[in-house]
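Comments concern the structure below.
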Amino acid sequence: MPTTGAPTNWAGNITFSAARLHHPHTADELRRIVGSADRVRVLGTGHSFNRIADTDGDLVSLDRLPHRVEIDPGKRTATVAAGMRYAQVAQALHAEGFALANLASLPHITVAGACATATHGSGSTQRCLAAAVAGLEIVGPGGELTRITRDDDPDRLNGAVVGLGGLGVVTAMTLDIEPAYDVAQWVWTGLPLDRLDDSFEEIFGAAYSVSVFTDWRSGEGVVWLKCRTDLPGPPAPEEPWLGARPADRHHHPVPAMPPLHCTEQLGAPGPWHERLPHFRPDFTPSNGDELQSELLLPREAASAAFAALRGLGERIAPVVQVSEVRTVAADELWLSPAYGRDSVAFHFTWVPDHEAVMEVVAAMEEELLPLGARPHWGKLTSATPERILSSYDRAADFARLLAGHDPAGKFRNAYLEGYFPTG
């Protein structure tokens, strides 16, 4: 039976408009719900900060559908239930000796939700999480099941993976996998921000996954290096590096926050899924107390972006909890912010003051959008849909893909209509 009331997203800044929230227990039940509804959207773990998941019709959560992790060792793929969280998938894969190439900082998010919005981890050689998708199973508007695979139609799959929830309800995803590996994580403090510019390649090439945290006003940053133990190691942890110092204690990305729930640091090696995220899977992130935005720019625009953000540092610092800089490799997914270009990503975790935050977001985007910035689909932005889509070469192709999969607009909402109007 559906539940009633007004559910909110994880941060509490969005109250959903749907009158009903369904938690189907079987695929047949899901297909009946979809087939009989006028409007449907899927709600994952609610880790989006805008109305991408909202609807005036029916919300569906996949959290009670059966878990599924079917490994094909020969093809090096695993077909997983789309509503599973990355932590659940990772643990199942690791138990069989396999791994994913990358993970986001938070392992609590669902596979389908992360891929639909092109959520990413970090690494100059690592693409966004959705780039690992080799196939999709989608429940369409009439409750019918459709499969799209890389083998059968790679271009169509590239259009469908970052689908913003508009093609239907994704029930299963086939992911590329590889043999399991270990990772060791080091933290370096006091990196002069000038080094982000003049030593960009050295910093972001120093490990398999690299994050730099700063507030853009202090003049310093904290570097997290996640190093695969089967690849060349990091700078010698007992030596200063680019003006930074090796940490002698565990750190949290947000200054002054206790690191209890962060993944193991200080160079202790461990399984890939226990080091690539910033946070451990065995705790529940607190609700609220933050807003988020993120912009991805071409890597060649990094220097100009650093200068712009440092110039805005006095405005950013009072409302930011922390900003994170990462790199992401180019992909071929039509709506990925890293489509066609190696990218540098600027992520911001803000205080929960929407008006004050959006004033600063607008000021940043005024500087960074002309440099080619593309906002993350699940986070806050002040940019108009027209301005955002102007940087996507395949936007018109995606509009046609939407119309073909859902001609009556069952899976649309106000968010999606703003970007891809019906008719």
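No hydrogens, no waters, no symmetry mates; every other heavy atom, side chains included, goes into these values.
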With a 4.5 Å heavy-atom cut-off, do [X] and [Y] have their side chains touching?
X: Met358; Y: Val361; result: yes
X: Thr45; Y: His108; result: no
X: Thr174; Y: Thr149; result: no
X: Leu136; Y: Arg147; result: no
X: Leu164; Y: Trp377; result: yes
X: Phe200; Y: Ser303; result: no
X: Glu274; Y: Thr263; result: no
X: Leu309; Y: Leu368; result: yes

Is the shortest side-chain N to carboxylate O distance from [X] to [Y] below 4.0 Å?
X: Glu294; Y: Arg326; value: yes
X: Arg280; Y: Asp282; value: no
X: Arg394; Y: Asp155; value: yes
X: Asp197; Y: Arg310; value: no
X: Glu137; Y: Arg68; value: yes

For Pro337 and Arg374, work out which heavy atoms get closest and say how close.
O-NH1, 3.1 Å

Can you sort out the partners of [X] under side-chain contact (heavy atoms from CB on, under 4.5 Å), two or more places apart, ordered by chain and number?
X: Ala317; result: Asp215, Arg217
X: His67; result: Met84, Gln88
X: Glu96; result: Ile71, Phe98
X: Ala116; result: none

Could you work out, with ring pair (Phe, Tyr, Trp, His ring centres under 6.0 Å) as the rule, every residue matching [X], not counting sequence neighbours?
X: His252; value: Phe279
X: His376; value: none
X: Phe398; value: Phe420

Side-chain donor-acceptor distances from residues 201-214 under 3.5 Å, at least two apart:
| residue | atom | partner | partner atom | Å |
| --- | --- | --- | --- | --- |
| Glu201 | OE1 | Arg299 | NH2 | 2.8 |
| Glu201 | OE2 | Arg299 | NH2 | 3.1 |
| Glu202 | OE2 | Trp241 | NE1 | 3.3 |
| Tyr208 | OH | Ala101 | O | 2.6 |
| Tyr208 | OH | Gln126 | OE1 | 3.3 |
| Tyr208 | OH | Gln126 | NE2 | 3.4 |
| Ser209 | OG | Ser122 | O | 3.3 |
| Ser211 | OG | Glu324 | OE2 | 2.6 |
| Thr214 | OG1 | Trp216 | N | 3.2 |
| Thr214 | OG1 | Glu220 | O | 2.8 |

Examine distances only and state if a side-chain atom of Asp331 and a backbone atom of Gly340 form a donor-acceptor pair shorter than 3.5 Å.
no

Has Ser36 got a side-chain atom pairing as donor or acceptor with Arg32's backbone, closer than 3.5 angstrom?
yes

My understanding is that only one of Arg228, Arg76, Lys75 makes a salt bridge (Lys or Arg N to Asp or Glu O under 4.0 Å) with Glu178; could you say which?
Arg228

Heavy-atom count around Glu366 CD within 6.0 Å, excluding the residue itself: above 12?
no

Exactly one of Arg275, His250, Lys226 should register a side chain to side chain contact (heavy atoms under 4.5 Å, CB included) with Gln265. Which one does?
His250

Centroid-centroid under 6.0 Å between Phe306 and Phe346 rings:
yes

Results of side-chain hydrogen bond (donor to acceptor under 3.5 Å, both in side chains) for [X] - residues two or more places apart only:
X: Arg85; value: none
X: Asn50; value: none
X: Thr110; value: none
X: Asp151; value: none

Value rounded to 0.5 Å, distance of CG in Asp54 from OG1 in Thr15:
9.0 Å

For His120 and Leu296, what are the C-alpha separation, side-chain angles and deciding distance, and is it a side-chain contact (heavy atoms from CB on, under 4.5 Å)?
CA-CA 11 Å; His120 59 89; Leu296 279 77; 4.2 Å; yes

